[in-house]
Protein chains: 2
Amino acid sequence: MTSNKLRRQPLYEQIKSLLMRRIAEGEWQANEVLPSEWELAGELAVSQGTVRKALTELVGEGLLYRQQGRGTFVSDIASDWGDCSLVTPGLPDERPDVIACELLGCSRMNAAEEIAQRFGIRRAAPLLRVRQVWRLRGQTVALDDALLPAERFEGLDARWVRECGGVYAALQRRFGVRPRLQTEQMRAVTLSREEAQLLNTSIDVPVLSVLRLSSSIEGEPIEWRQRYCLTEQLAYTVCRA
Amino acid sequence: MTSNKLRRQPLYEQIKSLLMRRIAEGEWQANEVLPSEWELAGELAVSQGTVRKALTELVGEGLLYRQQGRGTFVSDIASDWGDCSLVTPGLPDERPDVIACELLGCSRMNAAEEIAQRFGIRRAAPLLRVRQVWRLRGQTVALDDALLPAERFEGLDARWVRECGGVYAALQRRFGVRPRLQTEQMRAVTLSREEAQLLNTSIDVPVLSVLRLSSSIEGEPIEWRQRYCLTEQLAYTVCRA
DNA sequence: CAGTGGTCTAGACCACGTT
DNA sequence: ACGTGGTCTAGACCACTGT
């Protein structure tokens, strides 16, 4: 490992960063096996134990997974639902059905004071706004409205989101950023007429509002997303593995 | 460490169990310092690295916390809210106000098929039912209905829950079990007349329903809790630290 | 200064999966 | 049989906290 003597970062942190960068650059695809701990240790000129510590942390962060006797692998691309899903109420361990995304549109707007502060950008800085609806067995079940700092993700547009099948997948493939759900705020609300129309429901049915803040693994705020879910026949499930 | 040769459990797992038991038995109180890694290693006749691995996992599980240069400490007692709280909507990093618990009552009932299966107990086995309301700045804001397998927690009653200030605190102090939120299912619903009365609201205001499953750290299912939150002026926040 | 946790190394052996 | 990750050891040095 080419480590300057004046380093303030532990070796294993440097290795983590290096591996994250190389994965982001596509050196290994999803579900592909990494070199063994000993190979990495040789290549980076550190001990196997140090490589191991770096890998263990990346496994904990969800970027990698291990299988004893086989190797260490790159995890699947992140979904816009993270560790959440829509399932039948009362059956918390049901396998969720595949949910389909329809991109309504990407637009640009200027950051209000509150949002700007949260992203650590100047007031009225450009934001990227992505609107999506989600369908389950043909029914529209959720409406998303995501805001991202546009200057941080210059070049992200409707084509990327559509081709990758979601905002998070696009961020990971285009920028190597793996979003991490930070907080989610749930409320029971009713919708405006426009939103109700998009969700194909009436304005007096109670709807679950989820306000989500996501960050990169390093803690940089990435996304502010307002989601509305129809929960008459479904439940928004948060799963802590 | 007195480890039989035929062990299937790694040393550090045995140490984890041992420490959990000793903490549960009250050998060290909350925020009290543990013996140093070297002392524990000597006492248990293992290497310091093995103790370290055990402690690291317990820190990850929230039972302990470390401070460099000072030592390793026992964490605070768990709250019935876990990593969730009620805060002002739109301010996800606001410090939540202290929430006060009022115990409505403890009763016993028999397990329906679905619940029995989930707890891995026989049908119609006895359940402990704990009902609570929560107050914030004098306002009633949430109603809880918790079910626990009564035979597993024989002796748990209203006195324990009241004195400890919550079900989870009682479980930890009385049985050394630290509950771990497994899944939470959110829905926007309306209340029955009885529930609306307890929450001091009307039956047509939308309310957040949270159905929670908790387990011990070992994975044993512990609790099934139905919670209703008033979210007109508050948001139910799930925080992933 | 002594004592704590934090990092890093080198080497040994075990458990598992593939060949 | 071989290569992988998983456990365990012993020893070194660093960074931080208290006295």
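Throughout, protein chains are lettered first and strands after them, A, B, ... in sequence-line order, and every chain is numbered starting at 1. These numbers come from a predicted model, not from an experiment.
- Residue Tyr12(B) has no polar side-chain atom (N or O) positioned under 4.0 Å from OP1 or OP2 of dC8(D).
- Under a 4.0 Å N-O distance rule, the pair Glu13(B)/Lys53(B) does not qualify as a salt bridge.
- Gln132(B) and Arg225(B) share a donor-acceptor pair across their side chains, judged by distance under 3.5 Å alone.
- The nearest whole Å value for the distance from the CG atom in Leu64(A) to the C1' atom in dG6(D) is 17 Å.
- Atom-to-atom, CH2 of Trp38(A) to P of dG6(D) comes out at 14 Å; the value is rounded to the nearest Å.
- The side chain of Arg66(A) lies closest to dG6(D), out of dT7(D), dG6(D), dT7(C).
- Counting to the nearest Å, the C1' atom of dT9(D) and the CG atom of Leu11(B) are 11 Å from each other.
- Taking atom CD of residue Glu39(A) and atom C1' of nucleotide dG5(D), one finds them 13 Å apart after rounding to whole Å.
- Of all heavy-atom pairs spanning Pro179(B) and Val177(B), the tightest one is CD-O, 3.3 Å.
- Using modelled atom types, one side-chain atom of Asp80(B) and one backbone atom of Val167(B) make a donor-acceptor pair closer than 3.5 Å.
- Residues from residues 48-63 of chain A lying near DNA chain C, meaning a heavy-atom separation below 4.0 Å, are Thr50(A), Lys53(A) in numerical order.
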message: Please evaluate residues Arg122(A) and Glu151(A) with respect to the criterion salt bridge (charged side-chain N to carboxylate O under 4.0 Å, His left out), reporting the C-alpha separation (whole Å), side-chain torsions for both, the decisive distance (0.1 Å), and the verdict.
response: CA-CA 11 Å; Arg122(A) 65 186 187 285; Glu151(A) 289 170 342; 3.1 Å; yes
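- Considering only the side chain of Glu37(B), dG5(C) comes nearest among dG5(C), dT4(C), dT4(D).
- The interatomic distance linking Phe73(B) (CZ) with dG3(C) (P) rounds to 17 Å, in whole Å.
- No side-chain N or O of Tyr236(B) forms a donor-acceptor pair with one of Glu184(A) less than 3.5 Å apart.
- Comparing dT7(D), dT4(C), dG5(D) by their nearest atom to the side chain of Pro10(B) picks out dT7(D).
- Atom CZ of Arg70(A) is separated from atom P of dT19(C) by 9 Å (rounded to the nearest Å).
- Residue Glu13(B) contributes atom CD, which lies 15 Å from atom P of dA15(C) at whole-angstrom precision.
- Scanning all heavy atoms of the two residues, the minimum distance from Leu147(A) to Phe119(A) falls at O-CZ, 3.5 Å.
- Residue contacts for Gln68(A): at a heavy-atom cut-off of 4.0 Å it reaches a base atom on one of the strands shown.
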